[in-house]
Amino acid sequence: MKVLKIALLGFGTVGEGVYRTIQSHGVRLEEVLGKKVEVVAVLVRDKEKARNISKDLLLTTDFDEILNIPQLDIVMEAIVEKEPGFTYLKKAIQKGCHVITANKEMFAHHGKELLELAEQHYVSVGFEATVAGGVPIIQTLRQLLNVNRINKIQGILNGTSNFILSEMREKKQSFADALHLAQEKGYAENDPSNDVEGTDAFYKLVILSKIAFGQQLDWSDINVAGITKITSELVEEAEELGLRFKHIASVEQENGKLKGSVKPILVGRSHPFYHIEGVENAVNVEGDIVGSITLQGPGAGMFPTASAMLEDLGQLSKISKQYDSKSFSVKTNKETRRAAEYWLICNVKKKLLHPAIENVERLKNGTSIINADEKVVEKVREQYPGMEYFKIIGGYNEINRSGSTSLTATL
Ligand code: NAP
Ligand code: HSE
């Protein structure tokens, strides 16, 4: 029986997870692929590190040694940053190898070039692991939602941020301790500022929007905010209001142009993201036929990410090369969207004044809830230096705030 030869680039959390799962699931992979799967080489940065790895395979720091392996079939990449991963995968494709990557930073920047190059060389590119860990959102968008027009995608796309927010709320952990734990568990990026400042979720949004809308997000147009301003006090205050902070990336098309955001949002109990806790991710897709679908599951970590890469491996013969081809105009439904927007406003001790604010509910410690358009909120912030604001979605009022019916937030 022919052996499918694999080279693994990277043997950190993800690379080791892929290696161990290929060992533990060899029989199943053989059933699915009709071939025995063998990891023949591993590329790392530091060859001297102790690793639980077979002595029979090639362990190297030199990518040329990998390229020289005769009849190499697949290169699976799980290293960090745009380079050298991009160059390595280009060379692998030019050599005729299929490639599978978990590297969202590299893929958000260079995915299009890799897919075009792969098409020229009749090989496939798997990138399921670049977004939402083990949640099969890429295959869902690429293979299963071809007739639907996608109106909007919103997701909790960073496991580390969601984990930190959950730890702060449920266990009263400090931000720093929760981040440390996320690093220990292998959820956080090499540079964890990518997680907590929103960049990682932004890269994932770029990848999703390219598939769903066939267009590149205008990077300079998007305000990317992370969770670094969410204090334990804010988390507690939100909890008292029956709300939870979630870091949400969203994108939709308006008048042919993509509009996206990456920021912390306050979510009420009726929203599908309210109960997404810990390292879980969730992605909500609005299609014009199906309506709203939410996929959720583990968003980071060794085995969920390995699962996504191995499902790409299982799909290898079927992976289509249509990353660019799903560009259709998207219907927007202005009536159903955003009839009213509600916001939690913080750090404003004075009376909030603006003619376009319809309603103000003053809470405590300079916190209020207002009903206004986002542009108005931005204008208001110009008047109140130091003001922070968080959008509320998912109906906070009807759930926890007994007695008061003056404000009702909607999705
Ligand atoms: P990691 O634990 O830091 O491991 C990175 C691996 O890449 C290490 O084995 C390192 O070698 C190797 N490496 C780094 N730079 C290299 C270079 N220039 N040449 C050769 N090897 C190099 O990272 P990770 O968490 O596994 O993440 C890997 C990739 O998957 C990243 O792009 C990340 O964004 C993505 N990802 C991670 C997760 C997750 O849950 N962790 C989930 C989805 C996607 P040494 O071992 O010698 O240092
Ligand atoms: N650091 C990423 C996260 C890994 O926490 O979501 C998964 O992409």
Side-chain angles (χ1 to χ4, degrees), residues 7-20 41-53 59-66 75-89 100-110 126-135 137-138 155-166 178-179 181-205 207-208 226-227 247 249 262 276 278-283 297-309 312:
L8 263 182
L9 313 186
F11 201 79
T13 304
V14 178
E16 184 172 353
V18 170
Y19 177 78
R20 284 170 57 181
V42 172
L43 180 88
V44 290
R45 189 169 31 193
D46 176 3
K47 218 171 137 178
E48 304 313 315
K49 253 188 211 173
R51 301 177 202 268
N52 201 353
I53 203 167
L59 180 69
T60 180
T61 55
D62 179 1
F63 185 67
D64 285 339
E65 283 199 79
I66 304 253
V75 172
M76 298 179 82
E77 187 246 346
I79 55 183
V80 294
E81 299 178 355
K82 296 191 282 288
E83 287 292 358
F86 176 49
T87 303
Y88 291 169
L89 291 193
I100 295 173
T101 183
N103 185 341
K104 77 284 305 218
E105 177 171 358
M106 182 279 298
F107 202 77
H109 286 86
H110 299 299
F127 53 101
E128 185 65 67
T130 58
V131 180
V135 181
I137 183 62
I138 306 264
I156 294 178
L157 299 181
N158 186 263
T160 301
S161 296
N162 205 56
F163 177 81
I164 292 172
L165 292 173
S166 291
L179 172 58
L181 196 53
Q183 287 175 298
E184 274 181 4
K185 287 176 176 284
Y187 303 153
E189 293 299 299
N190 187 39
D191 174 0
S193 63
N194 279 348
D195 294 295
V196 297
E197 285 169 9
T199 328
D200 178 78
F202 172 66
Y203 292 145
K204 292 166 176 168
L205 191 69
I207 295 169
L208 287 183
I227 60 164
H247 186 254
V262 178
I276 306 299
V279 73
E280 293 279 293
N281 279 188
V283 189
M302 184 177 263
F303 293 112
T305 314
S307 162
M309 293 187 87
D312 274 348

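Each ligand, and each atom within it, is numbered from 1 in the order the structure gives.
- Considering backbone and side-chain atoms together, Asn281 places no N or O closer than 3.5 Å to any N or O of ligand 2.
- Here Pro304 has no heavy atoms under 4.0 Å from ligand 1, in either its backbone or its side chain.
- Considering backbone and side-chain N/O of Asp46, one or more are found under 3.5 Å from N/O of ligand 1.
- Taking 4.0 Å as the cut-off, Met302 does not count as a neighbour of ligand 1 on heavy-atom distance.
- The distance from ligand 1 to the heavy atoms of Ala129 drops below 4.0 Å at these ligand atoms: 43 (C), 44 (C).
- Inter-residue side-chain proximity for Lys49 and Val44 is flagged as unmet; no heavy-atom pair is nearer than 4.5 Å.
- For the pair Leu157 and Leu208, the minimum side-chain heavy-atom distance is below 4.5 Å.
- One N or O on the side chain of Glu83 and one on the backbone of Thr87 form a donor-acceptor pair closer than 3.5 Å.
- Each of the atoms 2 (C), 3 (C), 5 (O), 6 (O) of ligand 2 lies under 4.0 Å from some heavy atom of Asn158.
- For ligand 2 and Lys204, the ligand atoms under 4.0 Å from any heavy atom of the residue are 2 (C), 3 (C), 6 (O), 7 (C), 8 (O).
- Under 4.0 angstrom from ligand 2, there are no non-hydrogen atoms of Thr305.
- Inter-residue side-chain proximity for Thr160 and Pro192 is flagged as unmet; no heavy-atom pair is nearer than 4.5 Å.
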Between Asp191 and Ser193, is a side-chain hydrogen bond (donor to acceptor under 3.5 Å, both in side chains) present by the stated rule, with each step listed? CA-CA 5 Å; Asp191 174 0; Ser193 63; 2.6 Å; yes
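- To the nearest 0.5 angstrom, Glu189 atom CD is 8.0 Å from Glu105 atom CD.
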Determine, step by step, whether Thr13 and Thr305 satisfy the side chain to side chain contact (heavy atoms under 4.5 Å, CB included) criterion, reporting the C-alpha distance in whole Å, the side-chain angles of both residues, the deciding distance to 0.1 Å, and the verdict. CA-CA 9 Å; Thr13 304; Thr305 314; over 6 Å; no
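- Checked by atom type and distance alone, the side chain of Ser307 never pairs as donor or acceptor with a backbone atom of Phe303 at under 3.5 Å.
- Nearest protein heavy-atom neighbour of atom 43 (C) of ligand 1: Thr305 CG2, 3.3 Å.
- Scanning all protein heavy atoms for the shortest distance to atom 4 (O) of ligand 1 gives Gly12 CA, 3.2 Å.
- When hydrogens are left out, the protein atom nearest atom 6 (O) of ligand 2 is Gly159 N, 2.7 Å; that is the closest non-hydrogen contact.
- Residue Ala129 has no nitrogen or oxygen atom sitting less than 3.5 Å from a nitrogen or oxygen atom of ligand 2, judged on distance alone.
- Side-chain N/O atoms of Thr101 and Asn103 include no donor and acceptor closer than 3.5 Å.
- What sits closest to atom 9 (O) of ligand 1 on the protein, heavy atoms only, is Phe11 N, 2.8 Å.
- The shortest N/O to N/O separation between Ala188 and ligand 1 does not fall below 3.5 Å.
- Remark: minimum distance from atom 2 (C) of ligand 2 to any protein heavy atom is reached at Glu189 OE2, 3.2 Å.
- Residues Val42 and Arg51 form no side-chain contact, since every pair of their non-hydrogen atoms from C-beta on lies 4.5 Å or further apart.
- Shortest contact from atom 5 (O) of ligand 2 to any protein heavy atom: Thr160 OG1, 2.6 Å.
- Using cut-offs of 30° and 60° on the angle between ring planes, the pair Phe107 and Phe127 is parallel.
- Put simply, part of Gly301 is less than 4.0 Å from ligand 1, judged by heavy atoms.
- Counting only heavy atoms of the protein, atom 27 (O) of ligand 1 lies nearest to Val14 CG2, 3.8 Å.
- Of the candidates Ala78, Gly186, Gly10, Ala78 brings a heavy atom nearest to atom 5 (C) of ligand 1.
- Within the 4.0 Å heavy-atom criterion, the part of Lys49 lying near ligand 1 is the side chain and not the backbone.
- Residues Leu89 and Leu9 meet the side-chain proximity criterion, which asks for heavy atoms closer than 4.5 Å.
- Scanning all protein heavy atoms for the shortest distance to atom 33 (C) of ligand 1 gives Glu189 OE1, 3.4 Å.
- The protein atom (non-hydrogen) at minimum distance from atom 35 (C) of ligand 1 is Ala102 O, 3.2 Å.
- Using the six-membered ring where Trp is involved, Tyr88 and Phe63 have ring planes that are parallel, under 30° apart on the 30 and 60° scheme.
- A donor-acceptor pair under 3.5 Å links the side-chain atoms of Glu128 to the main chain of Ile137, judged by distance alone.
- Counting the atoms of ligand 2 from 1 in the order shown, those under 4.0 Å from a heavy atom of Gly299 are 6 (O), 7 (C).
- We find the CD-OG1 distance between Glu65 and Thr60 to be 3.5 Å, quoted to the nearest 0.5 Å.
- Within the listing of ligand 1, atoms 40 (O) sit less than 4.0 angstrom from a heavy atom of Ala300.
- Here the straight-line distance linking atom CD1 of Ile276 with atom CD1 of Ile156 works out to 5.5 Å at 0.5 Å rounding.
- Using a 4.5 Å heavy-atom cutoff, the side chains of Tyr187 and Asp195 are not in contact.
- Near Lys104, the atoms of ligand 2 lying under 4.0 angstrom from a non-hydrogen atom of the residue are 2 (C), 4 (C), 7 (C), 8 (O).
- Ligand-side atoms of ligand 2 in range of Asp195: 1 (N), 2 (C), 3 (C), 5 (O), range being under 4.0 angstrom from any heavy atom.
- At a heavy-atom distance under 4.0 Å, only side-chain atoms of Arg51, from C-beta outward, approach ligand 1.
- In this structure, atom 25 (O) of ligand 1 lies nearest to the protein heavy atom Thr13 CB, 3.7 Å.
- Protein heavy atom in closest approach to atom 14 (C) of ligand 1: Arg45 CZ, 3.5 Å.
- Scanning Asn103, Thr130, Val80, Ile79 for the heavy atom closest to atom 29 (C) of ligand 1 points to Ile79.
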